[in-house]
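Numbering of ligands and ligand atoms starts at 1, following listing order. Since this is a predicted model, take the numbers as computed values, not measurements.
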Amino acid sequence: MSVQPVEHIEPQAAETELKPPPLFKVLLLNDDFTPMDFVVEVLQRFFHMNTERAVAIMLKVHHEGMAVCGVYPKDIAATKVAQVTEFARKNGHPLACTMEEA
Ligand code: TYC
């Protein structure tokens, strides 16, 4: 059996083109009950923000209704949402965290 020259088996460029994986924004939503200090702790613990940035993002959510906490590949974004939601519920707060395609 003869080996085919590679130019005869190479797929079309369009078939092999690799798209970058889609990214997802992780969002925090405002509510009337979750304490501001708790939201700041969430942003520091799960999104690795310093205090100044965490306070700024918390206040953006408080005044504007929502803010982006970070942008990640899908599985990492989903893990952040799950971790934040579990942490909030375990502490008795209704804090809402969601994700949407960037
Ligand atoms: N609005 C809340 C309060 O006044 C604070 C808050 C900020 C809650 C951000 C949720 O994602 C949030 N205690």
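What sits closest to atom 4 (O) of ligand 1 on the protein, heavy atoms only, is His62 CE1, 3.1 Å. Given atom 6 (C) of ligand 1, the protein heavy atom at minimum distance is Asn30 OD1, 3.4 Å. Counting only heavy atoms of the protein, atom 11 (O) of ligand 1 lies nearest to Leu29 O, 2.8 Å. If you check which protein heavy atom lies closest to atom 9 (C) of ligand 1, you get Val61 CG1, 3.5 Å.
Side-chain rings of Phe33 and Phe38 stay apart, their centers remaining 6.0 Å or farther from each other.
You'll find the side chain of Phe24 stays beyond 4.5 Å of the side chain of Tyr72, heavy atoms only. Counting heavy atoms from C-beta outward, Met49 and Ile57 have side chains that approach closer than 4.5 Å.
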Exercise. When you look at Phe46 and Val26, which way does the side chain to side chain contact (heavy atoms under 4.5 Å, CB included) test go after all the steps?
Worked result: CA-CA 11 Å; Phe46 296 106; Val26 175; over 6 Å; no
Problem set entry | Leu27 and Cys69: CA distance, side-chain angles, deciding distance, side chain to side chain contact (heavy atoms under 4.5 Å, CB included) verdict | CA-CA 6 Å; Leu27 307 165; Cys69 308; over 6 Å; no
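Per-residue contacts place Leu95 under 4.0 angstrom from the following atoms of ligand 1 (heavy atoms of the residue considered): 10 (C), 11 (O), 12 (C).
When the heavy-atom distances from atom 1 (N) of ligand 1 to Leu27, Asp31, Leu28 are ranked, the shortest goes to Asp31.
The shortest N or O to N or O distance between Thr34 and ligand 1 is under 3.5 Å.
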